[in-house]
**Student:** 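The structure's right below; bear with me while I get my questions together.
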Amino acid sequence: MKRNITTILLVSSRPEDLAYLTSTLAGFVPGKFCLYSELDIDSAVRFMGHTPVDVIIFDISLSHYQAAFGRIKDVRSDLPIIVLSGKDDLALAAAAMHMGAQDYLVRGKDDSNTVQRSIHYAMEREHFEEALRRAYDELELKIEERTRSLKELNTMLRLEIAEHMRTAQELRMEHEFSRAILDTIDALIIVLDAHGNIKKVNRVFESRTGYHGQEVIGRSIGEMSAGLDSEEFGQDFFHRILHTDDASQYENVLLAKDGARYTLKWSSTSLFDTRGAVEYVILTGMDITEQRQMEILDRRRLQNLAHASRLSTMGEMATEIAHELNQPLAAIASYSDSCLRLLEDTAVDIGDVRDALREIERQALRSGQIIKHIRSFTKKDSLSIELVNLSKLVRGIVDLIRVEVRSHDVRLRLDLQGHLPMVRVNVILIEQVLLNLTRNAIDAMEGVMAEQRLLEISTYAADGFVHVMVDDSGPGVPPGADVFDAFFTTKPEGIGMGLAISQSIVQSYGGRIRVEENSAGGARFSFALPEAEDN
Ligand code: ADP
């Protein structure tokens, strides 16, 4: 709490100093000042220990006044000190001011007003200095705090800069890494913009096509393709990518600068902008030129092999076919004979002759059909691909199968679905598969009693495939045997190529073939071919 009375302590050994101060302060408002006096510094320090002092008036002529000055400041550093000097020791007073005294009074010279003002100012100055010191301390503190937070900020900034630099470095590395992958991967990479125009290509593209990136930028993939419908292909291709993000169905022939042609299989990835619209499309093209050539070679090899196998099958079936043809020929001979006889009769019934001729025609047509079938079967076909209904195909080959079925006392049962999706195949090759499977089935039933020999052929569609099943009532395939292996045979005259060729044929159309045991304990060979897309 602020005191209203100002306590003054005079430290002086001179009695006249107390008298001087008492007299100069005598005119003051009573109760405002309270004057104490001590003769030496020890007593003054003691006094200060129990009484709060507001100002000290200090006799400069005291011995060791500098030490005394220090002791007062030790007790209370904020205590205002006024030194009391004589006229002769003004220099000492000035020195005391340097040491921190607030003012000085000249003994006997300064009047009551001056003394009072001096005391007042000394206290004010001390307060002011104290406030200044405090402000300074506060400022120092603030500066310290600010310096500390600046240092922290600085450290954070440094860390952030280091982080940024690391991220930038990582990005650069990532970029270089991606660039290296793009340039070293053995695939052609094309970046298309949202309109399907080339924006960027990788080095493999440049080296494979002979075009420098700059030469193709802005062109469409259709322009770079071979073929009359290349432009259309380009549009269709890009449309498909945009709407399905799947180019994997697409192959095209890319025309290099020197006219070389590359067959490429494409896959694509779309990059979207913030609104979700396609911004870029990255196309990755695998060069499958060699693979395609190999496939063509393989197809030709399979074609030759299949042809050889068909010839051999026909050779094996020759006797039965001859026998089969013999029947209509014998029938024709017999009908011709009866015709001749009918014509010899004058009362000839023309209706009878017509019937006989019709029968001759029917038998001749039937023989012709069998021969036509055999001819097409043994011909080295160009392997034309057609849309085929497998139920119809089975029905069509039944004539040939029937020859063997009949000669081996086998019952034939057909369960063919009428409305089957079409498949895209070569008829002769699939007939060959069917003939292999049915002939094997008939062979397998050799040891079974005639009345139990049943050959069943059924067709149905499921899961995007059209299935054909050939069931027999034989003993089933030998356990553990891989019957599809080339040259696997259990027959004394067999060569073990029928199933291997059948498997290759079915697989060449993207189909599959397998064998399992049927409910009768016999073998069920089934194959499935993918439904044609344009059904
Ligand atoms: P091949 O008829 O010349 O032996 P395949 O490749 O057609 O050649 O048949 C290989 C073997 O698979 C046959 O020898 C036979 O052991 C077995 N096999 C094929 N079909 C059947 C079947 N329906 N039942 C039992 N075994 C069969």
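Ligands are counted one by one from 1 in listed order, and the atoms in each one are counted from 1 as well. Excluded from the calculations below are hydrogen atoms, water molecules and symmetry mates; all remaining heavy atoms, backbone and side chain alike, are included.
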**Student:** For ligand 1, is there an atom lying under 4.0 Å from some heavy atom of N436?
**Tutor:** no

**Student:** Which protein heavy atom lies closest to atom 24 (N) of ligand 1, and at what distance to 0.1 Å?
**Tutor:** A444 CB, 3.3 Å

**Student:** Are a donor atom and an acceptor atom from the side chains of R172 and Q169 found within less than 3.5 Å of each other?
**Tutor:** yes

**Student:** Please confirm whether F525 comes under 4.0 Å of ligand 1, counting heavy atoms of the residue only.
**Tutor:** yes

**Student:** Among residues two or more places apart or on two chains, list those pairs meeting side-chain hydrogen bond (donor to acceptor under 3.5 Å, both in side chains) that have a residue in residues 453-473.
**Tutor:** S391-T459, R413-E456, D471-N518, D471-R524

**Student:** Is the shortest side-chain N to carboxylate O distance from K142 to E145 below 4.0 Å?
**Tutor:** no

**Student:** So, does Y280 use its side chain to make a donor-acceptor pair with the main chain of T269 at under 3.5 Å?
**Tutor:** no

**Student:** Please work out whether any backbone atom (N, CA, C, O) or any side-chain heavy atom from C-beta onward of F488 is under 4.0 Å from ligand 1, and answer side chain, backbone, both or neither.
**Tutor:** both

**Student:** May I ask you to list the atoms of ligand 1 that are less than 4.0 angstrom from any heavy atom of V477?
**Tutor:** 25 (C), 26 (N), 27 (C)

**Student:** Could you tell me the residue and atom name of the protein heavy atom closest to atom 17 (C) of ligand 1, and the distance to it rounded to 0.1 Å?
**Tutor:** V483 CG1, 3.8 Å

**Student:** Report, in ascending order of atom number, the atoms of ligand 1 lying under 4.0 Å from any heavy atom of G494.
**Tutor:** 3 (O)

**Student:** Relative to atom 19 (C) of ligand 1, which among I495, N440, D472, D471 owns the nearest non-hydrogen atom?
**Tutor:** N440

**Student:** Under 4.0 Å from a heavy atom of A441: give me the atoms of ligand 1 that qualify, with their elements.
**Tutor:** 23 (N)

**Student:** With respect to G496, determine whether any N or O atom, backbone or side chain, lies less than 3.5 Å from an N or O atom of ligand 1.
**Tutor:** yes

**Student:** If the cut-off is 4.0 Å to any non-hydrogen atom of G476, which atoms of ligand 1 fall inside it?
**Tutor:** 25 (C)

**Student:** Short question: side chain of S312, backbone of A308 - any donor-acceptor pair under 3.5 Å?
**Tutor:** no

**Student:** Any ion pair linking R310 and E431 (charged N to carboxylate O, less than 4.0 Å)?
**Tutor:** no

**Student:** Mark yes or no: R362 above the aromatic ring of Y335, with NZ or CZ under 6.0 Å from the six-membered ring centre and no more than 45 degrees from the axis.
**Tutor:** no

**Student:** Starting from atom 16 (O) of ligand 1, find the nearest protein heavy-atom neighbour and note its residue, name and distance.
**Tutor:** T490 OG1, 2.4 Å

**Student:** Please state which protein non-hydrogen atom is closest to atom 4 (O) of ligand 1 and give its distance, to 0.1 Å?
**Tutor:** T489 OG1, 2.6 Å

**Student:** Please write down residue, atom name and distance for the protein heavy atom closest to atom 2 (O) of ligand 1.
**Tutor:** K491 NZ, 2.7 Å

**Student:** For the pair H373 (side chain) and L400 (backbone), establish whether a donor and an acceptor sit closer than 3.5 Å, ignoring hydrogens and angles.
**Tutor:** no

**Student:** Without swapping roles, check the side chain of N202 against the backbone of A187 for a donor-acceptor pair under 3.5 Å.
**Tutor:** yes

**Student:** Which ligand 1 atoms, with their elements, are less than 4.0 angstrom from a heavy-atom of G498?
**Tutor:** 5 (P), 6 (O), 7 (O), 8 (O)

**Student:** Give a yes/no verdict on a cation-pi contact between R219 and Y211, requiring under 6.0 Å between NZ or CZ and the six-membered ring centre and an angle within 45° of the axis.
**Tutor:** yes

**Student:** If you have a sec, work out which protein heavy atom is nearest atom 5 (P) of ligand 1 and how many Å separate them, to one decimal?
**Tutor:** L499 N, 3.6 Å

